[in-house]
Every structure is written in structure tokens, then in C-alpha cells.
2 protein chains.
Amino acid sequence: MRQPKNTDLILSNVARHIRLDDEEERIFISFLHPKTLKRKEVQLKQGDVCTHSAFIIDGALKGYTVDKEGGEHVINFAVSDWWIADMYSLISQKPGILTIEALADSEVLLLAKDDQQLLFEKVPKFERFFRILIENSLVANQQRLINNLTLSAEERYQHFMTKYPFIMECAPLHSIASYLGMTPEFLSKIRRRMAGRLP
Amino acid sequence: MRQPKNTDLILSNVARHIRLDDEEERIFISFLHPKTLKRKEVQLKQGDVCTHSAFIIDGALKGYTVDKEGGEHVINFAVSDWWIADMYSLISQKPGILTIEALADSEVLLLAKDDQQLLFEKVPKFERFFRILIENSLVANQQRLINNLTLSAEERYQHFMTKYPFIMECAPLHSIASYLGMTPEFLSKIRRRMAGRLP
DNA sequence: TTTCTTTCTTAACCTAGTTCAAGGATTCGG
DNA sequence: CCGAATCCTTGAACTAGGTTAAGAAAGAAA
């Protein structure tokens, strides 16, 4: 086996949108830096400039902001086969608003912003790939906004469970509550109601 | 004056991110279709497939969804020098979730999705331009999500006023309330409180 | 002008979701 | 295996924001 097993996943991720020949694959992989994260380890800290995108091979991460009262607000999750970064900071190269932290021991591949630029020059197809990634992010984000504006807390939870069952399995409920814009206590109440236990 | 005045605005909009020569400008403009909209006129209806992006020369539009109870939820505004479309539908070419409607008599330039594809082939620089537009959309959208999750109704309103004073001037308050995720009655209460009129 | 519609506000009442405080259940590090 | 976090749940008291209903002000249409 010439390539380490962990690059198979990212190559099939890329192959979903663009087709690469062997040489292009080699170039791409040469830009990636593997990193392992312990549970609770912070990959990016709020206030720092985001210099890398991370592709998750295994494990799970969350991105969150801490508000002025110290409350934590989960903005996104990322599990195996997903990308995560503080897009605002990555794009603008200004201090970011997200802390990205491992929910479980994880293995990721990092792609530096500068290397991404080089990659665009050597393999222009990647412009297209990352444009599609961003398009999908935008659509997902907008849909989430609409859900927050139009659905009740219970409906948001139900929708989340059917859309992201795999996240239900690896993220603690209080993080999911935060992501859904409610308190953990209220999520608990919803779950009791849904289980038929009154009141 | 060789070019109609109304293309100046869109060319300077494009020039903010990519540099075009005369021929490229000519090609770009040849793909644009001017359209005028009367106040309340619908440019795109919820459920239809979005086939064009619109660049606003003059006037103002809003994009909104109607939920199953018939409630209207404003998802975005667009004023002079902005682009608007149902990105979900435009990208996926599936029936959309937004209705896009003129808030005032408006003048827009339409770019068909197919023509955009042709434009990419003839002037590849535009790939970059539209990628940047989408990046900015994504960042703005994410920031809005964070605001909705972390700020009170009053804080959201104050933030909106300072960030979009020009929208304050052309959109009715009930649309702004909807955009901010509150009822018009509650926005009214906030405004009274802020004006110092008790209670 | 007059009428009709849209926009904005008020006030009284209501409720979805929060806060606070506490206890039990798991899980994790050592 | 033990102690300490972390996680989840409960319940009671509270509040930010919603609902309903009504009227005033200001345009637009005619």
C-alpha cells in the first residue's frame, strides 16, 4: 500500500466533485499535514487568526464562540469526512470568533491557507472544489437560519436528530442544545415530553 | 457615453475583486438583461427554480419564506450595488424556498445561470469573482446566525441599525422585525423603550 | 377630495423558553 | 479501583418575547 490509509478518505471526498490524475493526487497530498487531537484539545482559539482548514479523518470537533457573559454557543460540528475552519478568519485573515475543539480523540489533515493558494496555482481544478464546498456551506447555513426563524425548539431538535443522527451519537446533549439555540435544561424537558413521560 | 449609465455600477462592483480589460467588460455586459420591477412585484416565487442572479442598480428587494402557518420570514434584503438570488435553488436547480419581491420600484440586471457558466468559460476570472461573492455571503450569514444565538432582540436591532442604516430607510419596520426574528409589536416596544418613553 | 391599504403603535394577557438550585448517573484520569 | 469531573435531569420561579385586538397616521389610488 503506497499511500497511508488515512488519505483514502480525503481523496474520495475530493473525488465527489473533481477528478484528479495520479500526479495531481500526489501534489494535493503533499500539502496535507496530519495531526492528532486529544479530547478537549483546542485546534483553534477564539481571537487567533485561522491559518488552516481541517479535514476530519476520525473523531469529532465542535466550533463555538464564547459571549461576553462567558456563555458558550456552538456554531458547528464536524465529524469524519467533513471540513472545518473559522471561515470568517480564514478568508479575512483577521482574529477569529470561533474556538475549535475536539469532542473526542481525533485525527485530522490540515491544509494551510498559503498551501491552498499554491494548490490553486498548480491544480486549478481545486478552485472549483473549494467553491463547491463553500456553496454547500452557504446553503446549509442559510437553511439553519431559516429553521431557527421558523421552527419551535422541539421541531428544531427533531429535525436535527433525523438530519444528523451520527452527531447525536458523539456530541453531548448540552452542546447540541447550544447548537440548536436553547438551554440544556429545556432540551431535557423536550426529551421527556417526547418520551411520553409527563408533564 | 458609449455604455448606458446603469452598467457603470456593476462594473465598479466587479472591479472591486477582479480587473477586466475592455473586451472582457463587453462580454460580461452582453450577458446582462435589464429589468424594472414595480413595488410589490415578485421577481422569484417560492417553489420555482431560481434561474437568475439579480444585481440591483436602484431600489430595494427582500427575500422571504412563508411558513406552513402563513407567516412571512425575511431572509435577506438587497439594495443598490448588491446581488440577490435564492442561492439554494440557484445552486441545486431545485424548487426554491425564497420569494424575492421589490420593496420599492427597482431596476435590476439579471444574469442567467447558463450565461454565468458561459461567462466562466470565456472569462475564467469570473470564477474567482463569484467565489468571493459566495465567501462574503457565507461569512455574513454565519455572523448573522451568531448574532441570533448570542444577542437579545434589542441588541440585534441596535446592531442592525448601525450596520445597515440605508436599509432602515427603505424597508418597513415589520420586515426588519421579521429579518431580526421578532414580531413587529415587540420591535415597537423596543423602540419605545429606547426612545426613553416608559414603560 | 375621499377611500382603501399599508404601516406603526399601545396595552392587556399569555407562553415558550430561561434561570437557579439541586441531585443522580456516567465517564475519565490517575 | 477511587475520586473528580462532566453530563443529564427535575422542578419551581421567572421573563423575554408572542398574541390578540384595536386604533392612529400616512400613503397610494381613484
Side-chain angles (χ1 to χ4, degrees), chain A residues 37-42 59-60 62 64 67 69-74 77 101-106 147-158 160-161 167-199, chain B residues 37-41 59-60 62 64 67 69-74 77 101-105 147-158 160-161 167-199:
Chain A
L37 294 163
K38 283 290 192 197
R39 185 179 123 87
K40 303 234 157 198
E41 194 176 337
V42 167
K62 67 175 170 183
Y64 62 91
D67 64 30
E69 281 90 35
E72 178 178 318
H73 301 269
V74 175
F77 291 109
E101 182 186 312
L103 285 168
D105 295 353
S106 304
N147 287 344
N148 280 309
L149 292 173
T150 60
L151 302 181
S152 69
E154 175 161 350
E155 289 169 321
R156 258 138 54 211
Y157 176 59
Q158 299 211 358
F160 183 87
M161 282 196 298
I167 296 181
M168 289 297 300
E169 262 147 44
C170 63
L173 286 174
H174 67 265
S175 291
I176 293 172
S178 170
Y179 177 89
L180 294 173
M182 67 187 86
T183 58
E185 293 90 340
F186 192 66
L187 177 55
S188 208
K189 208 179 284 186
I190 286 173
R191 284 161 55 82
R192 178 181 23 159
R193 257 190 339 233
M194 282 173 53
R197 267 171 286 147
L198 306 173
Chain B
L37 293 164
K38 283 286 189 204
R39 186 179 122 86
K40 303 233 157 201
E41 193 175 340
K62 66 174 170 183
Y64 62 91
D67 65 30
E69 280 90 36
E72 178 179 319
H73 301 270
V74 175
F77 292 109
E101 183 186 311
L103 285 168
D105 295 354
N147 287 344
N148 280 314
L149 292 173
T150 61
L151 302 181
S152 69
E154 176 163 348
E155 289 168 322
R156 260 141 49 213
Y157 176 59
Q158 300 209 357
F160 184 88
M161 281 196 298
I167 295 181
M168 289 297 301
E169 262 146 44
C170 63
L173 286 175
H174 68 265
S175 290
I176 293 172
S178 169
Y179 177 90
L180 294 172
M182 65 187 86
T183 58
E185 293 88 343
F186 192 66
L187 177 54
S188 209
K189 207 181 285 188
I190 285 174
R191 285 161 55 83
R192 181 183 19 161
R193 260 193 333 236
M194 283 173 52
R197 268 171 284 147
L198 305 174

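In this text the structure is predicted, and so the values were computed from the model without any measurement. Letters A, B, ... are given to chains in the order of the sequence lines, protein chains preceding strands, and every chain is numbered from 1. Computed from heavy atoms alone, side chains included, the values below leave out hydrogens, waters and symmetry copies.
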Practice task
In whole angstrom, give the distance that lies between atom CG of B:Leu173 and atom P of D:dA24.
Solution key: 20 Å

Practice task
Test side chain to side chain donor-acceptor pair (under 3.5 Å) on A:Glu155 and A:Ser152 and set out the steps.
Solution key: CA-CA 5 Å; A:Glu155 289 169 321; A:Ser152 69; 3.3 Å; yes

Completion exercise
Rounded to whole Å, the OH-P distance (B:Tyr157 to D:dG17) equals 15 Å

Completion exercise
One would report the end-axis bend of the helix from C:dT1-D:dA30 to C:dG23-D:dC8, five pairs per end and rounded to 10 degrees, as 50°

Fill in the blank from the handout: Rounded to the nearest 0.5 Å, the CD1 atom of B:Ile176 sits from the SG atom of B:Cys170 at a distance of 8.0 Å

Tabulated below should be each protein N or O lying under 3.5 Å from an N or O of nucleotides 15-24 of chain C; please produce it.
{"residue": "C:dG17", "atom": "OP1", "partner": "A:Ala153", "partner atom": "N", "Å": "3.3"}
{"residue": "C:dT18", "atom": "OP2", "partner": "A:Thr183", "partner atom": "N", "Å": "3.2"}
{"residue": "C:dT18", "atom": "OP2", "partner": "A:Thr183", "partner atom": "OG1", "Å": "3.2"}
{"residue": "C:dT18", "atom": "O4", "partner": "A:Lys189", "partner atom": "NZ", "Å": "3.1"}

Exercise for the section: Answer whether the closest heavy-atom distance between the side chains of B:Leu103 and B:Phe77 falls below 4.5 Å. Expected result: yes

Problem - Below 4.0 Å: OP1/OP2 of C:dC8 and any side-chain N or O of B:Arg191 - result: no

Problem - Proximity of B:Tyr179 and B:Tyr64 rings by center, below 6.0 Å - result: no

Exercise for the section: Kindly say whether B:Lys38 contributes a backbone atom to a donor-acceptor pair with the side chain of B:Asp105 at under 3.5 angstrom? Expected result: no

Handout entry: Any side-chain heavy-atom pair of A:Arg191 and A:Leu173 under 4.5 Å
Key = yes

Problem - Backbone of A:Ala60 reached by a side-chain donor or acceptor of A:Ser106 within 3.5 Å - result: yes

Practice task
Rounded to the nearest angstrom, tell me the gap between atom CZ in B:Arg39 and atom P in D:dG27.
Solution key: 12 Å

Fill in the blank from the handout: B:Glu69 atom CD is separated from D:dT20 atom P, nearest whole Å, by 11 Å

Exercise for the section: Keeping the roles fixed (side chain from A:Ser178, backbone from A:Glu72), state whether a donor-acceptor pair exists under 3.5 Å. Expected result: yes

Handout entry: Below 4.0 Å: OP1/OP2 of D:dT6 and any side-chain N or O of A:His174
Key = no

Exercise for the section: Would you check, one step at a time, whether the test side chain to side chain contact (heavy atoms under 4.5 Å, CB included) holds for A:Arg156 with A:Asn148? Expected result: CA-CA 7 Å; A:Arg156 258 138 54 211; A:Asn148 280 309; 3.6 Å; yes

Handout entry: Below 4.0 Å: OP1/OP2 of D:dT9 and any side-chain N or O of A:Arg192
Key = no

Exercise for the section: Rounded to the nearest angstrom, tell me the gap between atom CE in B:Met194 and atom P in C:dT9. Expected result: 12 Å

